[in-house]
Amino acid sequence: MLTLIENNLFELTVISAIVIGLSLGVFGSGGAILTLPTLIYLLGYDEKSAIIGSLFVVAIISFFTAIPQWFKSGVSKSHLIYFAFPGLVGSYAGAYLGSSVEPEIQIIVFVTLMFVAAVKMLTMDVNKQGVPVHNLILIVIGLLVGLVTGFIGVGGGFLIVPALVLLSNLSINKAVSTSVVIIFLQSTMGLISYHEHSMELFSQLQWSMLIVIGVIGIVGSYIGLWLQQFINQKLLTKLFGCFLILIASFILIDKIFT
């Protein structure tokens, strides 16, 4: 019976890893939003360890997802300068703050932002490009997104993509490609900061399982990149918004009200 349960958990973990990769490949976001529940509910990680493990998994998947996007010129280099690099500072600071607060606070912030992101995804017109804003505003927003990334252990894509579409002249496809690179940079910086300030947690992680999840997620991300050309982005964006609401509601009920 125990073996059956363990096998089922492994199969669910593999499926989750594929979905994590698919999400990053198709949407340029959602990797950590799906990774955190996977590590907490399927592998039994506590919140702190799950946040660190999530940063590691997302960094691996987003790196390999970004490679083909970079070489086919799908990434906006200017937004890496004005959005991503300020976010590295924010990500480092956010991880420092996250290592010193109660995990319940991080979960509450995480769930709140999931609901906000879901509403944005449901109401955002993916076919409409926003009016470009001053580079200083992009720098400030990039800094804030990075702060959130480090604090709650997410890649920030569910904030990055809407920001790039609504506050610049990027198409949804270019925003997705650029988001993956930004996620890699910010997740890596957050991981470095946690290693510096919470090194004892790293010894508790199942690195072999995290690597397996990362590798499977890479396969899923390439499938997602291939599927992009056949997908109705407007429909999938709204479906993803609904999916965010479901996950956020489950975590909220489980962690806060039970």
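Predicted model, so just to flag it, every value in this text is computed and none were measured.
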**Q** Applying side chain to side chain contact (heavy atoms under 4.5 Å, CB included), run through S179 and I183 and close with a yes or a no.
**A** CA-CA 6 Å; S179 172; I183 288 170; 3.6 Å; yes
**Q** Using 0.5 Å steps for rounding, measure from the CG atom of L55 to the CG atom of L210.
**A**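 So the gap between those two atoms works out to 11.0 Å.
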**Q** Does a side-chain heavy-atom distance below 4.5 Å link Q186 with F85?
**A**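 No, too far: nothing below the 4.5 Å cut-off.
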**Q** Classify the angle between the aromatic ring planes of W207 and F56 as parallel (below 30°), tilted (30 to 60°) or perpendicular (above 60°).
**A**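 It falls in the perpendicular class, over 60°.
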**Q** In chain order, what residues pass the ring-ring contact (aromatic ring centres under 6.0 Å, His included) check against F64, with sequence neighbours excluded?
**A**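 F64 satisfies ring-ring contact (aromatic ring centres under 6.0 Å, His included) with no other residue.
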**Q** Where is the tightest heavy-atom contact between L122 and K238, given as atom of each residue plus distance?
**A**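 For L122 and K238, the tightest heavy-atom pair comes out as O-NZ, 2.6 Å.
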**Q** Nearest 0.5 Å, what's the CG-CG distance between L80 and L185?
**A**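 Rounded to the nearest 0.5 Å, the CG-CG separation comes out at 7.0 Å.
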**Q** Identify the two heavy atoms, one from A84 and one from I182, that lie closest to each other, and give their separation to 0.1 Å.
**A**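 Answer, listing the atom of A84 first, then I182: CB-CG1, 3.6 Å.
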**Q** Does anything in residues 210-223 pair up under side-chain hydrogen bond (donor to acceptor under 3.5 Å, both in side chains), and if so which pairs, sequence neighbours excluded?
**A**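 Qualifying pairs, neighbours excluded: T65-S221.
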**Q** Quick one: ring-ring contact (aromatic ring centres under 6.0 Å, His included) partners of Y92, sequence neighbours excluded?
**A**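 By the ring-ring contact (aromatic ring centres under 6.0 Å, His included) rule, Y92 matches H197.
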**Q** Checking side chain to side chain contact (heavy atoms under 4.5 Å, CB included) for the pair Q69/V181: CA distance, chi angles, key distance, verdict?
**A** CA-CA 9 Å; Q69 304 288 67; V181 178; 5.8 Å; no
**Q** Is it possible for you to say whether L144 and F115 belong to one hydrophobic cluster, with membership spreading through side-chain heavy-atom contacts below 4.5 Å?
**A**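 Each belongs to a different hydrophobic cluster.
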**Q** Let me know which of I216, L42, L34 forms a side-chain contact (heavy atoms from CB on, under 4.5 Å) with S16.
**A**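 Between S16 and the candidates, side-chain contact (heavy atoms from CB on, under 4.5 Å) is satisfied uniquely by L42.
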**Q** Are any non-hydrogen side-chain atoms of F63 and V180 less than 4.5 angstrom apart?
**A**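 No. Closest side-chain heavy atoms not under 4.5 Å.
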**Q** Would the distance check show the side chain of T178 and the main-chain N or O of S76 forming a donor-acceptor pair, the cut-off being under 3.5 Å?
**A**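 Such a contact is found between T178 side chain and S76 backbone.
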**Q** Could you list who else is in V116's hydrophobic cluster, with ILVMFWY side chains joined at under 4.5 Å, directly or through other members?
**A**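 V116 shares its hydrophobic cluster with no other residue.
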**Q** A side-chain contact here means heavy atoms from C-beta on lying under 4.5 Å apart; do Q206 and Y45 qualify?
**A**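 Yes, side chains in contact.
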**Q** Between L39 and I51, is a side chain to side chain contact (heavy atoms under 4.5 Å, CB included) present by the stated rule, with each step listed?
**A** CA-CA 9 Å; L39 297 182; I51 287 172; over 6 Å; no
**Q** Is there a path of hydrophobic side-chain contacts, each under 4.5 Å between heavy atoms of I, L, V, M, F, W or Y residues, that connects I223 with I61?
**A**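 Same cluster: I223 reaches I61 through Ile, Leu, Val, Met, Phe, Trp or Tyr contacts under 4.5 Å.
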**Q** Under the 3.5 angstrom rule, does the side chain of S23 hit a backbone N or O of V19 as a donor-acceptor pair?
**A**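 Pair absent, no side-chain N/O of S23 close to backbone of V19.
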**Q** Identify, with sequence neighbours excluded, every residue that meets ring-ring contact (aromatic ring centres under 6.0 Å, His included) alongside F83.
**A**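 None.
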**Q** F230: which residues meet the ring-ring contact (aromatic ring centres under 6.0 Å, His included) condition with it, sequence neighbours left out?
**A**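 Only W226 meet the ring-ring contact (aromatic ring centres under 6.0 Å, His included) criterion with F230.
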**Q** Could you go through I52 and L191, starting from their C-alpha distance and side-chain angles, then the distance that decides it, and tell me whether this counts as side chain to side chain contact (heavy atoms under 4.5 Å, CB included)?
**A** CA-CA 6 Å; I52 295 174; L191 193 64; 3.9 Å; yes
**Q** What heavy-atom pair brings V58 and S187 nearest, and what distance separates the two atoms?
**A**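 Scanning both residues completely, I find the closest heavy atoms to be CG1-OG, 3.7 Å.
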**Q** Can a donor-acceptor pair be found, under 3.5 Å and without considering hydrogens, that links the side chain of S49 to the backbone of D46?
**A**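 The answer is no, because no donor-acceptor pair under 3.5 Å joins these two groups.
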**Q** Is there a side-chain contact between L97 and L147, using heavy atoms and a 4.5 Å cut-off?
**A**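 Yes; the side chains approach each other to less than 4.5 Å.
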